Amino acid sequence: MEINRALVKQQAKELIRGNVIKLFFIALIIGFLAGTSSPVSSLSGSFGNAVKSGNSSSQSQDGGSDNSDFFNDFGNFGNGDSDFGHFDGFDGNGKVNLAVFPRSNTELGILLVILGFFAIVAMVARLALAPLRVMLDGLFWQLIRGNNMSFSDGMTYIFKNTFDKNYWQKFLLELVKSILLSLLYMLLIIPGIIFSYKWKFSTYILAEHPEMSFSDAMRASDKMTKGHKWELFVLDLSFIGWYLLLILTIGLVNIYLMPYLNTTVALYYENFKIRAYQEGAVTQYDFLSSQQKTVMYQQSYAQYGNAAGVQNVNMYYQPVINAQPVAAEQNYYTPPMPQPIVQPVPEQMPLQPTPQPAQQQYQPAQQNDVPEQAQIVSEQPTVPEQPVIPEQPQAEMPEMAPVESMENIEPTPSADTETE
């Protein structure tokens, strides 16, 4: 099953979110030191152009120009008899004087030696620092595995793991790949493209398994990409729009494109590896060093070699029977995505209950033992005693005459009656 390219790109965008500037400057520094392109390929390309130019210029055709004047002038460089001798000074009549330019063959020879020395030093330095590109790919592989390093940690990881005991394997990987691909590109373009995809994951393999040899890494990459190189070609074609935008923005879009592209390729490497394991194209044996293979072979031989009647035993790999197919909307590898930062909610302190004063038990006073203060403590407030009001003597009421019956009482005549 082909890898879901759109899903891989979406995952790459999620992984580099918030890390674009950091990853760009790391890749920019490593690219400046080790070179974005192989120094050997540049050297061989220049050599090939020089050979072609020499062959075309050495052949004299009818109506063509002869090169004898050029070599005569080069041999007499700096003399007044040559064409370059007209540059003696500038006085307004078309004469130019370059004071810093060599005036003799000796000065020219010294200048060429100095320039050649610096060119050789620069080429050797780029070759010596070329393994940095291997660990740069390893940094992006660490990113997709969930190890998001800071700028200082990332640079330390690259340099520390480049100049270790396995430095020469990384150096030979870059050197051999550069020479072979340069020769293939010089012969025909298509073989160079095919073999570049064939060894595309060799740097990631060596970064993940530094104890491997460079040849084993190239061989494992060949097994992983066998039958699937077209997917890598289509992946490169999908970035054509970005390359055009890179030209239109005079390289500014490279700030985002460089981390985005490297992260996408790292995700493709992990998906290719898992698919190759499931299909049986590679086994664990393919990613072991020579020493590890020897130890594993000895252990397997001691286990199976002396067993009677055991033949045709695959001691290294057992294929997965009835493996579950991967859904079309998924890939073989799902990277750990960064989780959004959630602001922690401050914990609320639990309300502490108001401590109640301990109640003291009432101790009754013993006989002949009167305490100075009462020892009674109660939650309710003490009610003060009401003062005793002395009783006032009541005045004696005079005795009332007995009331006669209402029938014997005659009504008193009113004033109106008397007037009538």
Side-chain angles (χ1 to χ4, degrees), residues 3 7-34 36 129-167 169-171 173-174 177 199-212 214 216-218 220-221 224-225 232 235 254-277 282 284 286-289 331-341:
I3 296 174
L7 179 58
V8 170
K9 287 188 171 183
Q10 182 63 32
Q11 293 171 347
K13 293 176 182 178
E14 294 291 334
L15 288 172
I16 66 174
R17 181 177 300 174
N19 302 306
V20 173
I21 302 300
K22 174 188 65 179
L23 296 174
F24 167 73
F25 277 106
I26 292 177
L28 182 66
I29 294 173
I30 300 302
F32 175 78
L33 295 176
T36 54
L129 297 176
L132 290 173
R133 294 195 296 268
V134 176
M135 296 316 302
L136 178 63
D137 292 341
L139 176 68
F140 283 95
W141 177 78
Q142 291 284 347
L143 175 65
I144 69 169
R145 299 293 295 181
N147 188 8
N148 188 6
M149 305 180 190
S150 62
F151 177 83
S152 59
D153 292 341
M155 295 297 296
T156 303
Y157 166 82
I158 292 175
F159 278 90
K160 182 179 179 180
N161 290 279
T162 297
F163 301 99
D164 58 359
K165 62 180 181 179
N166 300 309
Y167 166 80
Q169 296 299 327
K170 305 179 186 71
F171 176 81
L173 175 64
E174 290 294 319
K177 281 179 58 179
W199 300 323
K200 190 175 186 65
F201 297 135
S202 57
T203 54
Y204 295 92
I205 295 173
L206 201 58
E208 183 181 0
H209 306 279
E211 67 281 353
M212 292 179 61
F214 75 95
D216 290 339
M218 297 174 68
S221 177
M224 288 170 55
T225 58
L232 298 175
L235 176 65
N254 204 28
I255 297 175
Y256 184 84
L257 178 60
M258 190 181 297
Y260 177 37
L261 179 60
N262 284 289
T263 306
T264 303
V265 177
L267 286 170
Y268 258 70
Y269 160 71
E270 196 66 25
N271 282 278
F272 266 67
K273 181 179 66 176
I274 296 176
R275 180 174 61 185
Y277 268 119
V282 296
Q284 183 182 2
D286 294 313
F287 298 96
L288 299 178
S289 63
N331 280 326
Y332 296 92
Y333 175 71
T334 302
M337 291 300 176
Q339 300 296 329
I341 300 176

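Note that the coordinates shown come from a computational prediction; the quantities given were computed from them, not determined experimentally. We're numbering straight along the sequence, starting at 1.
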Validation row: [X], [Y] side chains within 4.5 angstrom (heavy atoms):
X: Ile30; Y: Met155; value: yes
X: Tyr157; Y: Met149; value: yes
X: Leu23; Y: Met258; value: no
X: Ser202; Y: Lys177; value: yes
X: Tyr167; Y: Pro131; value: yes
X: Thr225; Y: Trp199; value: no
X: Asn262; Y: Val265; value: no
X: Met224; Y: Ile205; value: yes

If the condition is salt bridge (charged side-chain N to carboxylate O under 4.0 Å, His left out), which residues does [X] pass it with, not counting sequence neighbours?
X: Glu270; value: Arg145, Lys273
X: Asp137; value: none
X: Asp153; value: none
X: Lys9; value: none

Quick one: pull up [atom1] in [X] and [atom2] in [Y] and give me the separation to the nearest 0.5 Å.
X: Ile3; Y: Asn271; atom1: CD1; atom2: CG; answer: 4.5 Å
X: Asn161; Y: Met135; atom1: CG; atom2: CE; answer: 4.0 Å
X: Asn147; Y: Gln142; atom1: CG; atom2: CD; answer: 5.0 Å
X: Leu206; Y: Asp216; atom1: CG; atom2: CG; answer: 10.0 Å
X: Phe32; Y: Leu129; atom1: CZ; atom2: CG; answer: 10.5 Å

Nearest heavy-atom pair of [X] and [Y]: which atoms, and what distance?
X: Gln11; Y: Pro335; answer: OE1-CD, 3.4 Å
X: Ile144; Y: Ala266; answer: CD1-O, 3.2 Å
X: Leu232; Y: Tyr268; answer: CD2-CD2, 4.0 Å
X: Ala220; Y: Asp286; answer: CB-O, 4.2 Å
X: Phe163; Y: Leu132; answer: CE1-CD2, 4.1 Å
X: Leu139; Y: Ile26; answer: CD2-CG2, 3.6 Å

Between Asn148 and Lys22, is any side-chain donor less than 3.5 angstrom from a side-chain acceptor?
yes
Applying side-chain contact (heavy atoms from CB on, under 4.5 Å), can you list everything that pairs with Phe25, at least two apart in sequence or on another chain?
Ile21, Leu28, Phe151
By side-chain contact (heavy atoms from CB on, under 4.5 Å) - contacts of Ala12 (at least two apart)
Tyr260, Thr263, Thr264, Leu267
Using the six-membered ring wherever Trp is involved, compare the ring planes of Tyr204 and Tyr269 and label them parallel, tilted or perpendicular (cut-offs 30° and 60°).
parallel
So, Ser221 side chain and Phe201 main chain: donor-acceptor pair closer than 3.5 Å or not?
yes
Option passing side-chain contact (heavy atoms from CB on, under 4.5 Å) with Leu173 (candidates Arg133, Met218, Met212)
Met218
